[in-house]
**Q** 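My questions will all concern the structure given below.
Atoms within a ligand are numbered from 1 in the order they appear, just like the ligands themselves.
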Amino acid sequence: MIFPSSLLLSLIPIVAGGACRGEGLPCETVYHTVTCSEQDSNVEQCAAALGTCETVCERISVAAYDSPCLCNEDFQGCDGDTCDYEISCVGTINCAAFENAVHCSVTRGCKWDPSAEQITNAAPSPTLPPAGRSEAIQQYLVDQGISTRAALEMTGSPQNYALLFMAVNDDLRLEPPQGGINTTAGYEFVVRYALSVLFYSTLGQRIWAFGLNFLEPTSVCDWHQVLVYLDNSTEFRGVSCDLSSGHPVALFLNQNNMGGSLPGELGFVTTLREIDLDFNNIGGTIPNSYQQMTNMVDFFAAGNRLEGPIPAWIGNITTLENINLSTNYMTGELPLSLGNLANLEGLALDNNLFSSNVEDVFDSSMVPGLRNLTQFYLENNQLTGTLGDHFLREMTKLEYLDISDNYIAASIPLQLFTLPALKVLDLHDNDFTSMPTFFQENSNLQLLAMQKNQLAGNPVPTSINELKGLHHLDLSQNFFTGDIPSSIGDMTNLTYLFLAQNDFEANSIPYWIEGLTNLQELSLKDTQRTGTIPDFLGGLKGMLLLDLDKNNLMGTIPVSLGDLENLSILLLNRNNLTSLIPDTFSSLSSLKLLYIDANDNVQGDLDVLFCANPTFVAKPVIVASCDICDDFPGCCALCCEGSTECNTAIHVPDLDPIWQLGYNRVFFTFGREDYLDKNRDPNERW
Ligand SMILES: *[C@@H]1O[C@H](CO)[C@@H](O)[C@H](O)[C@H]1NC(C)=O
Ligand SMILES: *[C@@H]1O[C@H](CO)[C@@H](O)[C@H](O)[C@H]1NC(C)=O
Ligand SMILES: *[C@@H]1O[C@H](CO)[C@@H](O)[C@H](O)[C@H]1NC(C)=O
Ligand SMILES: *[C@@H]1O[C@H](CO)[C@@H](O)[C@H](O)[C@H]1NC(C)=O
Ligand SMILES: *[C@@H]1O[C@H](CO)[C@@H](O)[C@H](O)[C@H]1NC(C)=O
Ligand SMILES: *[C@@H]1O[C@H](CO)[C@@H](O)[C@H](O)[C@H]1NC(C)=O
Ligand SMILES: *[C@@H]1O[C@H](CO)[C@@H](O)[C@H](O)[C@H]1NC(C)=O
Ligand SMILES: *[C@@H]1O[C@H](CO)[C@@H](O)[C@H](O)[C@H]1NC(C)=O
């Protein structure tokens, strides 16, 4: 369950945690990160998010840690002394000013007042522990093979801190058990110790966003909090136990600003079935002791700083159903033992540095074993090789396959298009040079992304219309020649059609586009289009993006385009248009970006149409030639002289305008929500 991140701004923990813990440790900074999501990605909402942040400091940091949070005057919500914040931008646009900012990450935090901290930690334990208690615990942990003596004795190590906690600071005072880890008392003791090590190893005492009641003198089953959001939805975080056994079965520690690394000790908490560490800053490798966690069903550690390979023993944890290691720094080849995981449904290894040859992944014993896999994400790695004939032949349940942004070469096998359940096939940004020349009927496939390869074909196969279910077809940035096949006009479910930057034969804008009445995004950029812009485009009422950049279009801009009530992006630049901008454009109230530069002669009163037009809540980003812009000071975002490289400028939405314009293009989400709701329409908007 991923909450819209705007909600994170308003987290208000019901349960206040204890004070900063740990013997004499500095309690430094509590940061809270906010990322404006695509949903609320416009400037006002980003700015509003900033505003809300000011209360976060007060509510979260103080409540969660119950310690004086002292802030400077920048934080209205906190009175006191020191507080710092920083604003950083994930996108490329000046975020500090929030001008056109879309993806803004706001990090704010409160600095602990060290003197207040000392007061909190100053009170000594009322009863000093019996001499030898610490030694007894240490001996037990060493005997059971949980930690090494060296780690336990090293001052400042997580193990040393956890030992100190168990021996001295923990008011629960568990006795070192008589029996081993397999006894009830032994397991309880080891679990408490292991979770304490996890706390210290991931810098719980210093940087966790929420303390989650860890290290309270209660059962570990109470080491959790229920967070309440402003919309009154709640989220459980921390340790979750099975009621009958009393053992921990899940750890929900996502988005908690954890750092450090994963401790091997956690591997002894073998009753765990789910671990969710998504979106933290945990580094290091996956400890080998985790191969003992043979009840694991879901392991999520996406969005961390994990390194090293996926250990081969993972293939022995056959209970696994979902693994998400997306967006880490993991390396090496994918172990073939993954193929033993016959229950696996979701495997997300995207955005790492894995370097397998895809022949080993798909043609070896690995993939045939993954019979239950429905989602397979390998995008943005360093995969090489070619896709062979046997590719994926057993994967009859596979619905989502994303191998984009790798170095996979040669042909795209026909086999892929015959997988019975496949809905999403993303192959973009690889080194593919050919694709099937003949398609068989397939009504399941909804998204086919093949842009940024070296595909050639004269023309694109006519039988592409056998992919009858396609909503989304992207063939951009390849080497297709010939005429664009009119059979695409049969694919009336298309909402997204990108044919940009191919070497098609010079021809007019295809007449059959008129029949694609569900179209929302159309790019014919740099496709040698000639003639005039047809009126019928104004009949495609759902259009959000129309990109005709860099063609040889002449004549006037059709009045009918003013009927496109939802049009957000209109790119008519680099053509040979001679036109007054139609008056009807003054009602294009959704327009966010208009490019009209580098034409023969396009004129218009930009103020009346857009900049001084009350229909526009926010004036659109306009890029036009300087002759026009000069007449309307402050209206254009950029004015272009003939020689100016306007079209490489930052405003150009490239193929993903969402980053720069807050424009929600049709997009497939590959989120955990998919696990929860397998029937959801993958084409739905965020
Ligand atoms: C605990 O029990 C399991 C089997 O249930 C056994 O494999 C393991 O060796 C035992 N561990 C110890 C420390 O006794
Ligand atoms: C949340 O609950 C409070 C108290 O019941 C109520 O006043 C408030 O309107 C609720 N907020 C939302 C967004 O439902
Ligand atoms: C998987 O388990 C088997 C049986 O216990 C063992 O022989 C094998 O070494 C394990 N594989 C790995 C990679 O650890
Ligand atoms: C695969 O999934 C089905 C249900 O979808 C389940 O019954 C089965 O146990 C799973 N595992 C294997 C190995 O087929
Ligand atoms: C087109 O979409 C509609 C509505 O989603 C669906 O009922 C229909 O089956 C689709 N057509 C094809 C050929 O898949
Ligand atoms: C324009 O967008 C709104 C909101 O998404 C939608 O309800 C409406 O149907 C759209 N208009 C057209 C003509 O598609
Ligand atoms: C652009 O149009 C003008 C006349 O309007 C014509 O002279 C010129 O050749 C055209 N340029 C191109 C590239 O078509
Ligand atoms: C994996 O986690 C990342 C980050 O949370 C998320 O964006 C992605 O959708 C997840 N993938 C799957 C298949 O759940």
Side-chain angles (χ1 to χ4, degrees), residues 264 267 270 273 285-299 308-323 332-347 356 360 364-376 392-400 417-425 439-448 463-473 487-497 512 515-521 540 542 666 668 674-685:
T270 51
R273 295 164 48 81
T285 57
I286 297 176
N288 278 330
S289 64
Y290 289 17
Q291 64 191 296
Q292 301 171 91
M293 296 205 231
T294 51
N295 292 302
M296 193 62 64
V297 176
D298 293 331
F299 186 79
I310 297 181
W313 49 254
I314 198 162
N316 276 353
I317 306 187
T318 50
T319 45
L320 277 165
E321 291 178 10
N322 291 295
I323 300 173
E333 299 189 5
L334 305 179
L336 297 187
S337 62
L338 279 171
N340 298 338
L341 301 179
N343 289 310
L344 206 62
E345 293 172 20
L347 180 55
S356 289
D360 295 333
S364 67
S365 59
M366 183 195 302
V367 151
L370 297 171
R371 284 187 300 278
N372 259 4
L373 204 63
T374 59
Q375 308 190 31
F376 198 5
L392 299 167
R393 64 190 181 282
E394 313 283 346
M395 302 182 93
T396 53
K397 293 187 179 174
L398 193 66
E399 295 177 19
Y400 301 82
F417 297 88
T418 61
L419 288 174
L422 199 66
K423 293 198 283 194
V424 168
L425 178 56
F439 291 97
Q440 291 158 347
E441 179 167 338
N442 175 339
S443 300
N444 296 311
L445 197 63
Q446 296 177 4
L447 178 144
L448 177 57
S463 58
I464 194 149
N465 66 351
E466 294 291 341
L467 306 176
K468 293 181 185 314
L470 283 189
H471 292 246
H472 178 123
L473 175 61
S487 60
I488 294 178
D490 302 336
M491 303 165 78
T492 50
N493 273 354
L494 281 177
T495 56
Y496 179 107
L497 178 60
W512 44 260
L516 298 177
T517 50
N518 290 308
L519 266 194
Q520 296 179 340
E521 305 199 24
L540 302 173
V666 178
F668 280 76
D674 288 334
Y675 295 144
L676 301 176
D677 179 6
K678 301 235 164 59
N679 298 320
R680 110 195 209 134
D681 176 8
N683 210 7
E684 92 193 14
R685 288 168 175 283

**Q** Is Glu321 close to Asp298 at the side-chain level, that is, under 4.5 Å between some pair of heavy atoms?
**A** yes

**Q** Between Tyr496 and His472, what is the ring plane arrangement, given parallel below 30°, perpendicular above 60°, and tilted in between?
**A** parallel

**Q** What protein heavy atom sits nearest atom 11 (N) of ligand 5, and how far off is it?
**A** Asn493 ND2, 2.7 Å

**Q** I'd like to check atom 4 (C) of ligand 5 in this structure: does the protein have a heavy atom lying under 4.0 Å from it?
**A** no

**Q** Atoms of ligand 3 less than 4.0 Å from Ala312 heavy atoms?
**A** 13 (C)

**Q** At the 4.0 Å heavy-atom cut-off, does Lys397 count as touching ligand 4?
**A** yes

**Q** Please examine the side chains of Ile310 and Ile286, heavy atoms only from C-beta on, and report whether any two atoms are closer than 4.5 Å.
**A** no

**Q** Between Leu494 and Ile488, does a side chain to side chain contact (heavy atoms under 4.5 Å, CB included) hold up when you go through it step by step?
**A** CA-CA 9 Å; Leu494 281 177; Ile488 294 178; 3.8 Å; yes

**Q** Is there at least one protein heavy-atom neighbour under 4.0 Å from atom 7 (O) of ligand 5?
**A** no

**Q** How close does the nearest protein non-hydrogen atom get to atom 9 (O) of ligand 4, and which residue and atom is it?
**A** Asn343 OD1, 4.0 Å

**Q** Which ligand 5 atoms, with their elements, are less than 4.0 angstrom from a heavy-atom of Gly469?
**A** 14 (O)

**Q** Compare Glu441, Lys468, Gln446 and give the one whose heavy atom is closest to atom 13 (C) of ligand 5.
**A** Lys468

**Q** Using a 4.5 Å cut-off on heavy atoms from C-beta on, say whether the side chain of Leu473 contacts that of Leu467.
**A** no

**Q** Checking Asn316 against Thr294 for the side chain to side chain contact (heavy atoms under 4.5 Å, CB included) test, could you report, in this order, the C-alpha distance in whole Å, the side-chain angles of both residues, the deciding distance, and whether it holds?
**A** CA-CA 8 Å; Asn316 276 353; Thr294 51; over 6 Å; no

**Q** Identify the closest protein heavy atom to atom 14 (O) of ligand 3: which residue and atom is it, and at what distance?
**A** Trp313 CB, 3.5 Å

**Q** When you look at Phe417 and Leu448, which way does the side chain to side chain contact (heavy atoms under 4.5 Å, CB included) test go after all the steps?
**A** CA-CA 10 Å; Phe417 297 88; Leu448 177 57; 3.8 Å; yes

**Q** Quick check: does Glu345 get an N/O under 3.5 Å from an N/O on ligand 4?
**A** no

**Q** Taking the minimum heavy-atom distance to atom 1 (C) of ligand 3, which of Asn316, Thr318, Ile317 ranks first?
**A** Asn316

**Q** May I ask you to test the Asn322-Val297 pair for a side-chain heavy-atom distance under 4.5 Å?
**A** no

**Q** Give me the residue, atom name and distance of the protein heavy atom closest to atom 2 (O) of ligand 4.
**A** Asn372 ND2, 2.3 Å

